[in-house]
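FYI, the numbering just counts along the sequence from 1. Just so it is clear, the structure is predicted and the values come from calculations on it, not from any experiment.
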Amino acid sequence: MRAHLLAAAFALFAALPADAKEAPALPDSLPINRLQVLGTHNSYSLGTDPRVLAMLDKGLPSMHAFMAQMPEEARKTFLLAHPNDVKMSEALNYRFPPLATQLDMGVRGLEIDLNADPEGGAYADPAAYRLLRQQGVTDLLPFDQAPMAAPGLKVLHMPDIDFRSSCPSLRACLTQVKAWSDANPGHVPLFIMLEAKVQAAALLPGATTPPPFTPAVYDEIDETILDIVGRERLITPDDVRGAHARLEDAVLAGNWPKLGQSRGKMLFMLITATGDDGASEYLDGHPGLKGRVAFLHSRPGQDHAAFILDDNALVRGKEIREQVEKGYLVRTRADIETWEAKMNDMRRAEAAFASGAQIVSTDFIAPGNGYGTPYVVRLPGGGPARATPDR
């Protein structure tokens, strides 16, 4: 049923002229930090095999039981971003159609998880599938090992557990997005968040040891984006900084490009899996992100402060509104670990949109979730973008 609905939505949007100018009601003079778009979380995900999820539920505690083992300060930080007590099978109970289909459906914010693999093959033999095959399971959901053998950044959520991706490498994901962008030249800018998976927990016997994120791997991110997308199609920290000495000074002065200058372009934002304020190696040799492609998750007051990850709008709506008003770019979430879909609870989505956060990400862009509820998140007013609401 869900596949049928997705196909119908795809056909509707595919019927639109490829060169139609998006969001014509929005003036080209509008700064792009005054846009609000709908995004997806772990946009590449094809979903986890149910037998892997059942195995996780047997061996792992619930989210909050797992948090209880953390040091107090770490637990508080983790709880803010992961407020709902869910089983692992619930936390991973979502999946998405291909990236181009999502973009055709009006999504303008994507999230891509990056895993270092400079030699190739690091993620080609997931422990969960290995264990299940040893138990005689032969009909696991498809996983193509071939693309995982080549060197280069791989796209997956959790090594050994949640690894099925519609585009298994950064190069493959960007190639798909670039092809869609070429076919839709008038689109509002795409906001693409990259998460560097700098650490991974060994949750299963024989778990993968991920290669580290070295300065060379961070350089690889930029080099891959430049190679596939092209500098002329990017909005970078240097574009925002302009003549200002500090990137944050430019942000606070409202020096973001205008919509008219930004159509057909992409803006990349980089975070790390640790939840801290960024990857110091990405700043090495690039103070304030000079010469870098992506904006880096930051805190106000830092030289490179421009993009802030602030995912809990129910708790931090006031802070998000203040961040947006000052000029920062903010990503927040409409739902977390699928709890809102399970409960058909729109309060977090409503708070997220009302906060003015420029990118509001969800796991549920079409009817037909795994809980059988009508929960779906859409940008208020429809269309691919709107001006941030008055605060």
Side-chain angles (χ1 to χ4, degrees), residues 19-39 103 106-111 174 177-178 180-182 184-194 221-222 225-226 228-271 282 286 288-298 300 302-309 320 323-332 356-360 379 383-389 391:
D19 59 350
K21 190 174 184 180
E22 286 190 340
L26 296 177
D28 279 352
S29 59
L30 186 71
I32 63 168
N33 68 317
R34 295 304 180 189
L35 291 173
Q36 188 174 67
V37 302
L38 181 67
L103 294 168
V107 168
R108 294 296 177 266
L110 300 172
E111 180 179 343
L174 293 181
V177 174
K178 175 62 161 49
W180 182 90
S181 179
D182 288 345
N184 296 270
H187 67 77
V188 298
L190 306 181
F191 298 86
I192 303 175
M193 192 170 82
L194 306 173
I221 295 174
D222 282 10
I225 295 171
L226 289 167
I228 295 174
V229 178
R231 177 63 181 89
E232 71 283 357
R233 299 280 287 277
L234 297 173
I235 300 166
T236 71
D238 289 342
D239 295 329
V240 175
R241 182 184 298 104
H244 292 266
R246 300 169 67 251
L247 178 59
E248 186 182 46
D249 293 341
V251 166
L252 297 177
N255 203 44
W256 291 93
K258 303 298 190 290
L259 175 59
Q261 303 168 290
S262 305
R263 291 185 180 277
K265 294 186 178 183
M266 305 177 204
L267 182 151
F268 287 84
M269 305 158 289
L270 177 65
I271 68 170
Y282 194 69
H286 300 271
L289 294 174
K290 292 179 180 177
R292 280 302 196 186
V293 166
F295 295 83
L296 186 62
H297 176 39
S298 58
Q302 294 178 313
D303 285 354
H304 65 279
F307 159 61
I308 298 172
L309 182 71
I320 294 173
Q323 292 161 2
V324 171
E325 184 62 32
K326 289 178 180 177
Y328 300 104
L329 192 69
V330 181
R331 197 297 287 263
T332 196
Q358 292 88 346
I359 307 105
V360 177
L379 187 70
R386 68 170 184 167
T388 51
R391 288 163 295 282

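A donor-acceptor pair under 3.5 Å links the side-chain atoms of E22 to the main chain of V188, judged by distance alone. In this structure a side-chain-to-backbone donor-acceptor pair under 3.5 Å is missing from R331 to I308. The closest donor-acceptor contact from the side chain of W256 to the backbone of R34 lies at 3.5 Å or more, if one exists at all. In this structure, the side chain of R292 engages the main chain of Y282 through a donor-acceptor pair within 3.5 Å. A donor-acceptor pair under 3.5 Å links the side-chain atoms of R263 to the main chain of G186, judged by distance alone. Listed for the T236 side chain is no donor-acceptor partner under 3.5 Å among the backbone atoms of V293. Q358 contributes a side-chain N or O that, together with a main-chain N or O of N33, makes up a donor-acceptor pair within less than 3.5 Å. Between the side chain of H304 and the backbone N or O of L289 there is no donor-acceptor pair closer than 3.5 Å.
The shortest heavy-atom contact between I235 and P189 is CD1-CB, 4.1 Å. Considering every non-hydrogen atom in both D222 and A294, the closest pair reads OD1-N, 4.3 Å. Between L329 and L267, the shortest heavy-atom distance links the atoms CD2-CD2, 3.8 Å. Here the closest heavy-atom approach between residue E232 and residue V229 is recorded as OE2-O, 4.2 Å. Of all non-hydrogen atoms in N184 and H187, the two that sit nearest each other are O-CD2, 2.9 Å. Between D28 and K258, the shortest heavy-atom distance links the atoms O-CB, 3.3 Å.
For the atom pair CZ of F295 and CZ of F191, the computed distance is 9.5 Å after rounding to the nearest 0.5 Å. Annotation: the span from I359 atom CD1 to E111 atom CD amounts to 11.0 Å, rounded to 0.5 Å. Considering CE of M193 and CE of M269, their distance stands at 6.5 Å, rounded to 0.5 Å.
Between L174 and F268 the shortest side-chain heavy-atom distance falls below 4.5 Å. A heavy-atom distance below 4.5 Å is found between the side chains of I225 and L194. Looking at L103 and R108, their side chains come closer than 4.5 Å, going by heavy atoms from C-beta outward.
For D182, the salt bridge (charged side-chain N to carboxylate O under 4.0 Å, His left out) partners are K178, R233, not counting sequence neighbours.
Test L296, L252, V240 against L247 for side-chain contact (heavy atoms from CB on, under 4.5 Å) and you get one pass: V240.
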- Would L234 and L226 count as a side chain to side chain contact (heavy atoms under 4.5 Å, CB included) if you check the C-alpha gap in whole Å, the side-chain angles of each, and the deciding distance to 0.1 Å? CA-CA 8 Å; L234 297 173; L226 289 167; 3.7 Å; yes
- Candidate pair N255 and R241, rule side chain to side chain contact (heavy atoms under 4.5 Å, CB included), full reasoning: CA-CA 7 Å; N255 203 44; R241 182 184 298 104; over 6 Å; no
